[in-house]
Protein chains: 2
Amino acid sequence: MTEDRKDRDASLPLPPDVEESLCRSGGIAGLVEQLPDDAALTRESTVHRALADPFRLKILAMLSVQPLCVCVIKAVLAIADSKLSYHLSVLKTAGLIAGDQQGNWIIYRLTEDGAMWAARPGNGPRQEG
Amino acid sequence: MTEDRKDRDASLPLPPDVEESLCRSGGIAGLVEQLPDDAALTRESTVHRALADPFRLKILAMLSVQPLCVCVIKAVLAIADSKLSYHLSVLKTAGLIAGDQQGNWIIYRLTEDGAMWAARPGNGPRQEG
DNA sequence: ACTGTATTTCAAATAATGTTGAAACACCAT
DNA sequence: ATGGTGTTTCAACATTATTTGAAATACAGT
């Protein structure tokens with residue numbers, strides 16, 4: 001399929017170390033083949049963006065303990081309703097949490113994805129090292 | 001130390017399910033104790049922010065194969081020099097990559113942290129399922 | 001229907017991040 | 001020193017994310 005794997009490096013001058021190991025990787029074409037496709041990268045960057053905020057990480061950590069209604073989360077975070085709602089919507093849109101209505105309340109819980117991202121090195125209770 | 005663990009939930013009305021399991025978690029105070037501290041959350045959100053971009057994830061994936069000079073990364077990403085430099089600086093600032101000068105080139109590689117974050121579910125080569 | 005509580009939505013203001021092209025810097029070879 | 005190549009920095013601009021307070025929605029009890 002790819003006709004000229006190694007030839008493509010020939011077009012640009014490289015430091016010796018890189019040239020050698022790149023050659024072993026199958027040249028630039030070989031390197032590219034080992035990368036995730038763009039859709040996967042976009043999907044993953046979306047999750048990271050959703051996790052790129054301390055409030056949201058804290059929400060995830062809380063839900064990691066147990067499902068909670070908004071009012072408890074609000075009591076812990078001590079932020080305005082609308083602000084909390086915004087952060088919840090970011091997490092929900094990213095597919096990390098889901099809310100189930102129960103009477104007057106909405107109880108949020110981790111989704112399968114959310115649980116996967118919450119259970120991660122550096123996410124243990126309290127400081128890590 | 002914490003004098004009134006369970007009393008604090010008494011102040012706010014909760015859905016029965018949440019109230020019960022929250023009680024088992026030691027009330028709101030008990031829940032809070034299980035959360036990472038703010039410094040840890042901030043630190044982690046910083047890493048996620050650095051990973052919240054497809055270009056940067058692709059760079060990380062590339063360096064996960066082998067160390068590379070900027071010109072090779074540029075050839076794969078096909079973006080302007082200054083743009084690439086910006087994204088490299090974000091990753092470098094987050095402590096995920098480091099650059100070693102070698103003659104005219106700068107060769108970037110994953111740091112220990114970078115390798116840890118690059119080796120992650122959903123980061124395998126090509127689509128995941 | 002009406003009230004009260006829990007939560008979300010909206011639009012406007014602010015802040016943070018990403019992009020661009022030009023200029024600067026660092027290094028090697030001459 | 002000069003010139004060429006690889007890479008970064010800068011400032012202006014464009015885009016996107018976050019915060020805020022007010023208004024809206026949804027539900028339960030009366």
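We name chains A, B, ... by the order of the sequence lines, and we start the count at 1 in each one.
- Atom C1' of nucleotide C/dT7 and atom NZ of A/K74 are separated by 10 Å, given to the nearest angstrom.
- A search for salt bridge (charged side-chain N to carboxylate O under 4.0 Å, His left out) contacts involving A/D81 returns A/K74, not counting sequence neighbours.
- One finds the CG atom of B/L63 at 10.0 Å from the OH atom of B/Y108 (value rounded to the nearest 0.5 Å).
- With A/H48 as reference, B/H48 is the one residue of B/R49, B/R56, B/H48 to meet the side-chain hydrogen bond (donor to acceptor under 3.5 Å, both in side chains) rule.
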Can you check nucleotides 15-22 of chain C for protein contacts, nitrogen or oxygen pairs under 3.5 Å, and list what you find?
| from | atom 1 | to | atom 2 | distance (Å) |
| --- | --- | --- | --- | --- |
| C/dT17 | OP1 | B/R49 | NE | 3.1 |
| C/dG18 | OP1 | B/R56 | NH1 | 3.3 |
| C/dG18 | OP1 | B/R56 | NH2 | 3.1 |
| C/dG18 | OP2 | B/Y86 | OH | 2.2 |
| C/dT19 | OP2 | B/H87 | NE2 | 2.7 |
| C/dG21 | N7 | B/S82 | OG | 3.4 |
| C/dG21 | O6 | B/S82 | OG | 3.3 |

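- Residue B/P13 places its side chain closer to C/dA6 than to any other of C/dA6, D/dT8, D/dC27.
- At whole-Å resolution of the value, CG in B/L14 and P in C/dT5 are 15 Å apart.
- Across C/dT8, D/dT8, D/dT7, the shortest atom-to-atom separation from the side chain of B/S85 is found for D/dT8.
- As rounded to whole Å, 14 Å separates atom C1' of D/dC27 from atom CD1 of A/I107.
- B/L68 has its CG atom 15 Å from the P atom of D/dG6, to the nearest Å.
- The separation between B/L91 atom CG and D/dT8 atom P is 12 Å, rounded to whole Å.
- The distance from atom CG of A/D81 to atom C1' of D/dA26 is 15 Å, rounded to the nearest whole Å.
- One interatomic measurement links the two molecules: CD1 of B/I73 to P of D/dT7, which rounds to 9 Å at whole-angstrom precision.
- Linking Ile, Leu, Val, Met, Phe, Trp and Tyr whenever their side-chain heavy atoms come within less than 4.5 Å leaves A/Y86 and A/L88 in two separate clusters.
- Here the P atom of nucleotide D/dC27 and the CG atom of A/N104 are 9 Å apart, to the nearest Å.
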